[in-house]
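Let me begin by presenting the structure, written as structure tokens, before commenting on it.
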Amino acid sequence: MDLRGKVAIITGGSKGIGKATAEALLAKGAVVAGWSRSAPDGLQHENFHFFECNVQDEQSVQQAYSATIDKLGAAQILVNNAGIGNMGAIDGFPSEEWHAMFDTNVHGVFYCTKAVLPRMKQQGEGHIINVASLAGTAGSAGMAGYCATKFAVRGFSDALFKEVRQDGVRVTCVMPGSVETNFGGTEPGQEPNPHKMQPEDIADAIIHALEAPKATMISEIQMRPSQPK
């Protein structure tokens with residue numbers, strides 16, 4: 001897909017992978033609608049438009065989508081990036097944190113996908129990127145809830161691409177390993193951690209999938225640090 005002039009919706013675009021992906025798409029000439037609860041710091045571009053949205057709330061998603069269409073026109077790209085990760089052993093794990101993860105990581109992906117799909121199918125063009133995790137491929141102690149949400153996203157993506165591929169809509173599930181972001185409440189260091197990937201690395205992979213020839217769909221991308229510690 002030639003990204004020039006395409007309208008791309010990115011959820012969770014205020015920092016980390018979402019912000020890096022927004023910047024990468026803008027550099028390619030796309031028009032970006034950033035859906036998040038707060039606007040990204042330092043991202044000022046004539047083709048970037050912020051729409052306040054809580055993906056846990058389907059009504060909020062529908063309002064953001066309507067506002068995006070009214071201002072920017074039909075969207076050709078959706079990057080389902082918003083996600084949270086709460087860690088801890090299952091016995092004693094707070095139920096509200098469990099629900100918050102599923103509401104954001106799983107239900108949010110469903111709400112946003114459901115909003116954009118009818119128009120994408122109608123125009124015969126679209127690409128949905130679901131940002132999952134390597135935690136969606138193997139369980140880890142202390143991460144059962146997070147793993148469960150990312151397994152769900154991977155399964156959803158696998159079923160979705162088979163459902164909409166004949167409509168001209170492509171679906172890619174991106175599964176990064178350790179990325180230096182605010183994930184888990186940690187703050188990125190001032191110097192890049194050589195043992196982790198950077199948000200820009202994931203953004204580059206997303207651009208690669210989006211720019212694939214029309215006859216090609218990259219359905220899954222797994223990414224790992226080259227030399228983890």
Side-chain angles (χ1 to χ4, degrees), residues 1-53 55 64-65 67-69 71-83 112-113 116 119-120 123 125-133 169-183 188-194 196-226:
M1 182 189 292
D2 184 351
L3 299 178
R4 289 173 296 180
K6 301 298 185 185
V7 176
I9 296 168
I10 302 178
T11 69
S14 62
K15 56 190 175 184
I17 293 171
K19 184 179 179 182
T21 302
E23 292 171 336
L25 281 164
L26 290 167
K28 289 287 185 175
V31 178
V32 176
W35 291 8
S36 54
R37 288 178 289 185
S38 59
D41 291 333
L43 180 51
Q44 307 231 336
H45 194 286
E46 61 181 355
N47 286 332
F48 178 79
H49 305 269
F50 169 68
F51 298 88
E52 186 174 351
C53 180
V55 299
Y65 182 65
T68 299
I69 295 301
K71 186 170 185 177
L72 306 178
Q76 292 79 40
I77 299 164
L78 168 65
V79 181
N80 280 312
N81 165 73
C112 295
T113 301
V116 305
R119 191 71 172 263
M120 285 185 175
Q123 65 198 13
E125 179 188 31
H127 200 144
I128 297 170
I129 304 282
N130 294 326
V131 180
S133 168
V169 181
R170 298 192 287 189
V171 179
T172 304
C173 186
V174 180
M175 294 172 279
S178 299
V179 183
E180 192 169 23
T181 66
N182 297 84
F183 179 80
Q190 289 188 326
E191 295 296 325
N193 184 335
K196 291 186 177 182
M197 295 177 290
Q198 299 301 309
E200 292 77 16
D201 301 329
I202 315 306
D204 287 346
I206 290 172
I207 296 295
H208 172 69
L210 291 170
E211 290 186 328
K214 189 173 182 179
T216 302
M217 176 173 57
I218 300 173
S219 57
E220 286 192 345
I221 300 176
Q222 294 190 15
M223 303 178 67
R224 294 169 170 81
S226 295

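Only this structure's heavy atoms are used, side chains among them; waters, hydrogens and symmetry mates stay out.
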Exercise. Please report the closest heavy-atom contact between Leu43 and Ala22, naming both atoms and the distance.
Key: CD2-CB, 4.0 Å
Quiz item: For His45, which residues count as a side-chain contact (heavy atoms from CB on, under 4.5 Å) partner, sequence neighbours excluded?
Solution: Leu26, Asn47, Phe48
Exercise. Just jot down the salt bridge (Lys or Arg N to Asp or Glu O under 4.0 Å) partners of Glu211, sequence neighbours excluded, or say none.
Key: Lys28
Self-check item: From CG (Asn80) to CD1 (Ile128), nearest 0.5 Å
Solution: 7.0 Å
Self-check item: Main-chain N/O of Asp41 paired with Lys19 side-chain donor or acceptor, under 3.5 Å
Solution: yes
Quiz item: Excluding sequence neighbours, so at least two apart, what forms side chain to side chain donor-acceptor pair (under 3.5 Å) with Thr11?
Solution: none
Practice problem: With sequence neighbours left out, write down each residue that passes side-chain contact (heavy atoms from CB on, under 4.5 Å) with Ala30, or none if nothing qualifies. | Solution: Leu25
Exercise. Determine, stepwise, if the pair Ile77 / Leu3 fulfils side-chain contact (heavy atoms from CB on, under 4.5 Å).
Key: CA-CA 9 Å; Ile77 299 164; Leu3 299 178; 3.8 Å; yes
Distance-only donor-acceptor pairs under 3.5 Å for side chains of residues 215-223, two or more places apart:
unit_1, atom_1, unit_2, atom_2, d
Glu220, OE1, Arg154, NH2, 3.0
Glu220, OE2, Arg154, NE, 2.8
Gln222, OE1, Arg224, NH1, 3.2
Gln222, OE1, Arg224, NH2, 3.2

Exercise. Quick one: pull up CD1 in Ile17 and CG in Asp201 and give me the separation to the nearest 0.5 Å.
Key: 9.5 Å
Practice problem: Report the residues that fulfil side-chain contact (heavy atoms from CB on, under 4.5 Å) with Ser36, sequence neighbours left out, ordered by chain and then residue number. | Solution: Ser14, Phe50
Exercise. Give the minimum heavy-atom separation between Gly177 and Met197, together with the two atoms involved.
Key: N-CE, 3.4 Å
Quiz item: Excluding sequence neighbours, so at least two apart, what forms side chain to side chain donor-acceptor pair (under 3.5 Å) with Asn81?
Solution: none
Quiz item: Do Cys112 and Leu78 have side chains that get closer than 4.5 Å, going by heavy atoms?
Solution: yes
Exercise. Tell me, please, which residues at least two apart from Arg119 pass side-chain contact (heavy atoms from CB on, under 4.5 Å).
Key: Tyr65, Ile69, Ala74, Gln122, Gln123
Exercise. State, to 0.1 Å, how close Met175 and Ala132 come at their nearest heavy-atom pair, and which atoms those are.
Key: CG-CB, 3.9 Å
Quiz item: Can you list every pair that meets salt bridge (charged side-chain N to carboxylate O under 4.0 Å, His left out) and has a residue in residues 73-83, with sequence neighbours left out?
Solution: none
Quiz item: What are the two closest non-hydrogen atoms of Ala203 and Ala24, and how far apart are they?
Solution: CB-CB, 4.2 Å
Quiz item: Rounded to the nearest 0.5 Å, how far apart are CZ of Arg170 and CD of Gln76?
Solution: 12.5 Å
Self-check item: Test salt bridge (Lys or Arg N to Asp or Glu O under 4.0 Å) applied to Glu23 - qualifying residues, sequence neighbours left out
Solution: none
Quiz item: With sequence neighbours left out, what residues match Lys71 under salt bridge (Lys or Arg N to Asp or Glu O under 4.0 Å)?
Solution: none
Practice problem: Can you measure from OG1 (Thr21) to CD1 (Ile206) and round to the nearest 0.5 angstrom? | Solution: 3.5 Å
Practice problem: With sequence neighbours left out, write down each residue that passes salt bridge (Lys or Arg N to Asp or Glu O under 4.0 Å) with Asp204, or none if nothing qualifies. | Solution: none
Practice problem: Start with the C-alpha gap between Val131 and Val79, add the side-chain angles, then the distance that decides, and say whether side-chain contact (heavy atoms from CB on, under 4.5 Å) holds. | Solution: CA-CA 7 Å; Val131 180; Val79 181; 4.3 Å; yes
Quiz item: Mind checking whether Val171 and Asn130 have side chains closer than 4.5 Å, heavy atoms only?
Solution: yes
Quiz item: To the nearest 0.5 Å, how far apart are CE in Met1 and CD1 in Ile207?
Solution: 11.0 Å
